[in-house]
Structures are given as structure tokens and as C-alpha cells.
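Reckoned from all heavy atoms, side chains included, excluding hydrogens, waters and symmetry mates. Model, not experiment: these values are computed from the prediction.
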Amino acid sequence: LGKRICKRRNELGISAMQLAALVGVNLRTVYRLESGVQATTRHLLALARALKVSPDWLLTGRGTRGRVPARDSDAPAA
């Protein structure tokens with residue numbers, strides 16, 4: 001998870017501080033995720049949105065990166 005967050009953040013040209021602001025977490029959380037100290041997060045969907053990738057790819061590294069809806073209301077109804 002951490003390597004994918006860091007790699008994608010760098011691809012997008014955003015700083016860890018900018019990512020933290022986009023996700024609504026503190027900078028320490030981003031650093032802990034990227035370093036692997038913290039292996040899971042309840043902010044997975046917000047991270048995926050900010051990084052413009054699918055949550056599944058972000059979490060597992062499998063499949064295509066894909067994109068997630070901008071907001072929950074953009075998701076198809078069940």
C-alpha cells in the first residue's frame with residue numbers, strides 16, 4: 001500500500017502535505033502509510049479519489065488502476 005501511495009503521489013506531482021489535505025488526514029498519517037508503519041487505513045476511498053486510482057488497485061496492486069467516482073453519489077445505485 002505504502003509504495004503504491006508514494007509512487008502514485010509522485011506521478012501526480014503532489015507533495016505528501018497536499019495529499020494529506022486532499023484526504024483530510026494529517027501529514028504524519030501519510031508518512032506512516034507510505035513508510036509501511038501503518039498498513040491499513042479507514043481513508044482508503046479518500047486516498048483512492050485523491051490519487052485517481054481504484055481502491056482495489058491501491059490496496060492490493062492487482063488489476064488496473066482504474067478510477068473511482070468523485071463522490072459516493074456518483075456511484076451506480078445498488
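Remark: Leu1 CG to Leu44 CG distance equals 7.0 Å, nearest 0.5 Å. Distance check, rounded to the nearest 0.5 Å: CD1 of Ile5 to OG1 of Thr41 gives 7.5 Å. Distance check: Lys52 NZ to Ile14 CD1 gives 8.0 Å after rounding to the nearest 0.5 Å.
Cluster membership for Tyr31 and Leu58, using ILVMFWY side-chain heavy atoms within less than 4.5 angstrom, is not shared. Leu12 is not connected to Met17 by any chain of hydrophobic side-chain contacts under 4.5 Å among Ile, Leu, Val, Met, Phe, Trp and Tyr, and they are in different clusters. In the hydrophobic clustering of ILVMFWY residues, with side-chain heavy atoms under 4.5 Å counting as a link, Leu22 and Leu51 come out together.
With contacts defined as side-chain heavy-atom distances shorter than 4.5 Å, the pair Leu47/Leu33 qualifies.
A donor-acceptor pair under 3.5 Å is absent between the side-chain atoms of Thr29 and the main chain of Val25, judged by distance alone.
When Arg4, Lys3, Arg9 are each tested for a salt bridge (charged side-chain N to carboxylate O under 4.0 Å, His left out) with Glu34, only one passes: Arg9.
Here the closest non-hydrogen pair linking Ala48 and Ser54 is CB-C, 4.0 Å.
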